Amino acid sequence: MKVRVRFAPSPTGGLHLGGVRTVLYNYLFARHHGGDFVLRIEDTDQNRFVEGAEQYIMDCLKWCGLEPDESPLKGGPYTPYRQSERKPLYKDYAEQLIDSGYAYIAFDTPEELEKMRAEYRRDDNTNPQYDHFTRGLMRNSLTLPAETVAELVEKGTPYVVRIKMPENETVTLTDMIRGEISFDSSLVDDKVLLKADGMPTYHLAVVVDDYLMKITHAFRGEEWLPSAPVHVLLWQYMGWKEHMPQWAHLPLILKPDGNGKLSKRDGDRLGFPVFAMNWFDPKTGETTKGFREMGFLPQAFVNMLAMLGWNPGVEKELFSLDELVQIFSMERVHKGGAKFNFEKAKWFNHQYIQHTDNAVLAEMVKPYIVKELGDGNMEIGKLEKVVGLIKDRCHLLTDFWEQGHFFFATPEIKELAVIKDKWNDQKQQFFTTWQSKLELLTDWNHDALEASCNELAVECGLKKGDVMLPLRIMLVGGKYGPGVFAIAEVIGKEETIKRIKFVTR
RNA sequence: GGCGUGUUGGUCAAUCGGUUAAGACGCCUCCCUUUCACGGAGGAAUGACGGGUUCGACUCCCGUACAUGCUACCA
């Protein structure tokens with residue numbers, strides 16, 4: 001049987017790290033087994049719908065290089081791939097469940113539900129459920145006479161369909177990561193299957209669509225584990241048990257400090273991105289920073305995510321997507337949650353930057369430089385040279401400006417004191433003389449500059465070390481950057497002399 | 001509260017009953033570099049706790065603790 005997996009996000013906002021990792025594991029598993037990877041949009045909650053979120057999700061997948069074989073956009077053999085567009089289909093299945101006695105109709109209003117919860121709330125039961133006990137006290141097709149039910153439905157009274165959870169059954173499932181897990185059915189509530197607006201809840205939709213779309217393996221976050229028995233029972237009640245996908249519940253990605261699920265808030269608070277790409281929320285008008293805009297290479301981002309909760313058991317940690325496809329296995333996914341470590345994420349990106357060809361890197365860095373320069377008249381050949389000189393010290397694409405701005409614009413001298421404090425006549429003489437020597441220098445390159453500098457320093461009774469630091473401050477503005485003569489070579493004669501003159505005048 | 005899941009250095013983690021308990025990030029020291037990085041060499045730092053099972057337990061079992069998830073007509 002052909003492996004088919006799916007990523008089923010709800011379009012409610014930015015795509016979280018954990019979401020991307022779920023996509024990744026789906027993708028790797030599918031490719032590893034030569035199967036299909038499906039994108040299905042779970043937009044059954046009309047209240048939470050956010051304009052643009054679906055497109056954003058697809059853009060993120062594209063950026064990461066994890067494109068689905070079937071999706072709302074691409075289509076496929078099981079169209080439509082948007083649950084809102086599949087709405088009519090779910091009702092039949094809900095009715096089938098009612099007819100076979102596995103589900104029932106409930107008329108309770110939100111107020112009545114709340115009243116029930118308030119009434120039965122105890123210290124040892126802080127959250128009463130709509131379950132095998134309380135359903136006998138509520139207004140539903142189990143407690144009301146058939147005629148009354150028919151009448152209420154006839155009159156258009158809003159109702160939901162709930163699953164009728166059995167009592168005292170043990171529901172077990174085998175999770176690819178965790179092994180066998182079992183639940184006591186008496187402790188699971190009668191989940192709503194079909195909402196009053198006719199839309200299915202996740203519980204019904206996920207089962208129906210996984211069945212219809214012939215999904216063989218279903219991967220999702222650990223937060224779904226508690227409702228897994230509902231899904232297993234539904235597969236059974238629909239008569240599809242032998243087609244039920246194999247489950248794998250992925251561990252959570254935790255916040256770096258303290259404990260708990262990593263949230264967008266943590267990123268804002270700790271200064272790192274949580275979403276894959278910038279997310280503009282049309283409701284609040286706020287933009288949340290993404291890994292892409294923060295200066296991550298998609299390959300590095302994906303590599304880092306692969307290693308967060310999964311490990312191949314070898315010492316190597318840098319893998320291309322293709323390599324990951326080869327060695328990935330669900331059994332090697334960790335059971336426990338992993339705290340996100342932004343320093344390590346930056347390390348991955350640094351590694352990828354070092355391994356990227358300078359010409360390719362220059363193209364990637366260009367927008368960041370142009371943005372800082374305003375309308376930059378920067379040529380790519382120069383940028384390529386600069387990138388080669390400073391890539392060592394860049395962890396993010398955004399670091400290139402910080403580390404190399406002085407190649408493109410005359411820097412502000414921030415550490416003038418370093419020069420001034422040890423300034424003397426000899427140095428004054430050296431730099432003024434050197435300026436005129438540089439004017440005459442025909443071979444403007446690193447070695448010629450260095451030779452010229454050394455020679456004159458000796459003549460002036462100075463050591464090389466006496467002039468190097470002042471020269472660096474003149475050219476760079478601070479105590480950092482690659483070799484000074486390499487810098488001078490790139491910025492050219494005119495600019496070099498200008499910067500020396502600016503300080504020595 | 002109930003139920004589920006989890007727990008190896010600060011973090012990510014290897015180990016699948018026998019090891020001096022890998023490796024990486026971060027941190028510290030030194031070297032290289034007349035800057036900052038990169039790189040190189042070292043270093044500190046780990047099996048939550050208590051019981052079993054076993055010749056032997058990080059590994060298997062049971063408790064305890066802690067953490068986390070869920071307990072919506074949200075996913």
Side-chain angles (χ1 to χ4, degrees), chain A residues 8-12 42-45 47-48 106 108-110 113-114 117 121-131 158-162 175 177-178 181-184 186-189 191-203 205-206 220-229 249 251-252 254 256-261 304 307-318 331-332 334-348 350 354 390-395 399 403 415 418 463-469 471-473 476 478-484:
Chain A
S10 48
T12 53
E42 308 242 347
D43 57 349
T44 54
D45 186 354
N47 300 321
R48 292 213 306 160
D108 316 281
T109 62
L113 254 21
E114 189 35 55
R117 290 193 186 106
R121 201 172 333 261
R122 300 284 135 78
D123 284 350
D124 60 347
N125 184 12
T126 58
N127 219 338
Q129 306 189 111
Y130 201 119
D131 60 13
Y159 66 87
V160 301
V161 176
R162 286 180 182 271
D175 185 281
I177 299 169
R178 296 155 205 279
I181 302 166
S182 46
F183 303 84
D184 179 351
S186 305
L187 272 7
V188 183
D189 61 335
K191 287 266 184 298
V192 169
L193 265 19
L194 202 67
K195 300 185 258 189
D197 64 1
M199 277 287 193
T201 59
Y202 173 82
H203 307 295
V206 73
R220 66 207 328 187
E222 190 186 338
E223 68 268 27
W224 288 107
L225 217 34
S227 53
H249 290 87
L252 267 13
L254 278 15
D257 60 339
N259 291 305
K261 254 204 296 194
M304 177 273 293
M307 305 302 289
L308 200 61
W310 169 86
N311 189 288
V314 296
E315 287 199 8
K316 183 174 157 158
E317 359 183 30
L318 264 19
E331 287 73 22
R332 291 199 67 95
H334 257 251
K335 294 185 176 80
K339 289 186 183 176
F340 177 66
N341 183 340
F342 189 51
E343 289 306 316
K344 185 75 185 245
K346 285 198 292 191
W347 176 82
F348 273 104
H350 181 255
Q354 304 322 308
I390 63 174
K391 67 197 286 190
D392 273 358
R393 59 205 79 209
C394 295
H395 285 75
D399 290 340
Q403 292 296 330
E415 305 203 50
V418 175
K463 282 177 291 189
K464 192 184 174 189
D466 295 328
V467 298
M468 293 298 281
L469 196 56
L471 179 57
R472 167 171 300 282
I473 306 292
V476 175
K479 287 194 278 189
Y480 61 96
V484 276

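Since this is a predicted model, take the numbers as computed values, not measurements. Protein chains get the first letters and strands the later ones, always in sequence-line order, with residue 1 at the start of each.
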Using atom [atom1] of [X] as one end and atom [atom2] of [N] as the other, report the distance to the nearest whole Å.
X	N	atom1	atom2	answer
Leu318(A)	rG23(B)	CG	P	18 Å
Leu225(A)	rA67(B)	CG	C1'	16 Å
His249(A)	rU68(B)	NE2	C1'	15 Å
Glu222(A)	rU71(B)	CD	P	14 Å
Lys191(A)	rU71(B)	NZ	P	6 Å
Glu315(A)	rU15(B)	CD	C1'	13 Å
Arg122(A)	rU71(B)	CZ	C1'	17 Å
Asp131(A)	rC70(B)	CG	C1'	15 Å

Task: Residues in side chain to side chain contact (heavy atoms under 4.5 Å, CB included) contact with Pro226(A), at least two apart in sequence or another chain - done: none

Distance between the [atom1] atoms of [N] and [M], in whole angstroms?
N	M	atom1	answer
rG51(B)	rU15(B)	P	28 Å
rA44(B)	rG9(B)	C1'	10 Å
rU5(B)	rA41(B)	P	45 Å
rA21(B)	rC16(B)	P	14 Å
rG39(B)	rC25(B)	P	8 Å
rC62(B)	rU53(B)	P	15 Å
rC32(B)	rG40(B)	C1'	8 Å
rG18(B)	rU59(B)	C1'	11 Å

TODO: Using a cut-off of strictly less than 4.0 Å, decide whether Asn127(A) has a side-chain nitrogen or oxygen near OP1 or OP2 of rC3(B).
DONE: no

Open item on the list: Which label fits His395(A) and His350(A): parallel for a plane angle under 30°, tilted from 30 to 60°, or perpendicular past 60°?
Closed with: parallel

Open item on the list: As a check on the pairing definition, encode RNA chain B in dot-bracket form, counting Watson-Crick and G-U wobble pairs whose two distances are under 3.5 Å, and using | for partners outside this strand.
Closed with: (((((((..(((.....[....))).(((((.......)))))....(((((..]....))))))))))))....

Distances for protein N/O vs nucleotides 73-75 of chain B N/O pairs under 3.5 angstrom?
| from | atom 1 | to | atom 2 | distance (Å) |
| --- | --- | --- | --- | --- |
| rC73(B) | OP2 | Arg162(A) | NH2 | 3.3 |
| rC73(B) | O2 | Ala196(A) | N | 2.8 |
| rC73(B) | N4 | Asp108(A) | O | 3.2 |
| rC74(B) | OP2 | Lys195(A) | NZ | 3.2 |
| rC74(B) | O2' | Asp45(A) | OD2 | 3.0 |
| rC74(B) | O2' | Arg48(A) | NE | 3.2 |
| rC74(B) | O2' | Arg48(A) | NH2 | 3.3 |
| rA75(B) | OP1 | Thr44(A) | OG1 | 2.8 |
| rA75(B) | OP1 | Lys195(A) | NZ | 2.8 |
| rA75(B) | OP2 | Tyr202(A) | N | 3.4 |
| rA75(B) | O3' | Glu42(A) | OE1 | 3.4 |
| rA75(B) | O2' | Ser10(A) | OG | 2.8 |

Would you confirm whether [X], through its side chain, and [Y], through its main-chain N or O, come within 3.5 Å as a donor-acceptor pair?
X	Y	answer
Arg332(A)	Asn311(A)	yes
Lys391(A)	Gln354(A)	yes
Thr12(A)	Arg48(A)	no
Arg162(A)	Asp131(A)	no

Given [options], which nucleotide is nearest the side-chain atoms of [X]?
X	options	value
Leu252(A)	rU35(B), rA22(B), rG69(B)	rG69(B)
Asp189(A)	rU71(B), rU35(B), rC38(B)	rU71(B)
Leu187(A)	rU35(B), rG2(B), rU71(B)	rG2(B)

Open item on the list: Is it true that, when you exclude Lys335(A) itself, more than 12 heavy atoms of the residues, nucleotides or ligands shown sit nearer than 6.0 Å to its NZ?
Closed with: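 At most 12 heavy atoms, drawn from other residues, nucleotides or ligands, come within 6.0 Å of this atom.
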
Rounded distance (nearest 0.5 Å) linking atom [atom1] of [X] with atom [atom2] of [Y]:
X	Y	atom1	atom2	result
Glu114(A)	Arg117(A)	CD	CZ	6.0 Å
His249(A)	Ile181(A)	NE2	CD1	7.0 Å
Lys316(A)	Met307(A)	NZ	CE	10.5 Å

Indicate, with a heavy-atom threshold strictly under 4.0 Å, whether [X] touches base, sugar-phosphate, or nothing.
X	answer
Lys335(A)	sugar-phosphate
Phe348(A)	nothing
Pro482(A)	base
Lys316(A)	nothing
Gly481(A)	base
Arg332(A)	sugar-phosphate
Arg178(A)	sugar-phosphate

Task: Pair Asp189(A) + Lys191(A), salt bridge at N-O below 4.0 Å - done: yes

Are any protein N/O atoms closer than 3.5 Å to N/O atoms in nucleotides 9-13 of chain B? If there are, list each pair with its distance.
| from | atom 1 | to | atom 2 | distance (Å) |
| --- | --- | --- | --- | --- |
| rC12(B) | OP1 | Lys339(A) | N | 2.9 |
| rC12(B) | O2' | Met307(A) | O | 3.4 |
| rA13(B) | OP1 | Gly309(A) | N | 2.7 |
| rA13(B) | O3' | His334(A) | NE2 | 3.2 |
| rA13(B) | O2' | Asn311(A) | ND2 | 3.2 |

TODO: Determine whether Lys339(A) and Asp257(A) make a side-chain contact, defined as any pair of heavy atoms from C-beta on separated by less than 4.5 Å.
DONE: no

Task: Val418(A) side chain reached by Arg472(A) side chain, heavy atoms, under 4.5 Å - done: no

Could you go through nucleotides 40-50 of chain B and list every protein N or O atom that sits under 3.5 Å from one of its N or O atoms, giving the distance for each pair?
none

Task: Distance-minimising heavy-atom pair for Leu252(A) and Glu223(A) - done: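 Reported closest heavy-atom pair: CD1-OE1, 3.3 Å.
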
Open item on the list: For a quick test of reading the model, state the closest non-hydrogen atom pair linking Leu308(A) to Ala338(A) and the distance between them.
Closed with: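 Heavy atoms of Leu308(A) and Ala338(A) come nearest at CD1-CB, 4.0 Å.
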
- [ ] With RNA chain B as reference, determine whether Asn125(A) or Gly260(A) sits nearer its 5' end, using the nearest nucleotide of each.
- [x] Asn125(A)

Task: Under the salt bridge (Lys or Arg N to Asp or Glu O under 4.0 Å) test, residues paired with Glu415(A) that sit two or more places apart - done: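 Testing Glu415(A) for salt bridge (Lys or Arg N to Asp or Glu O under 4.0 Å), a comparison that skips the adjacent residues, returns none.
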
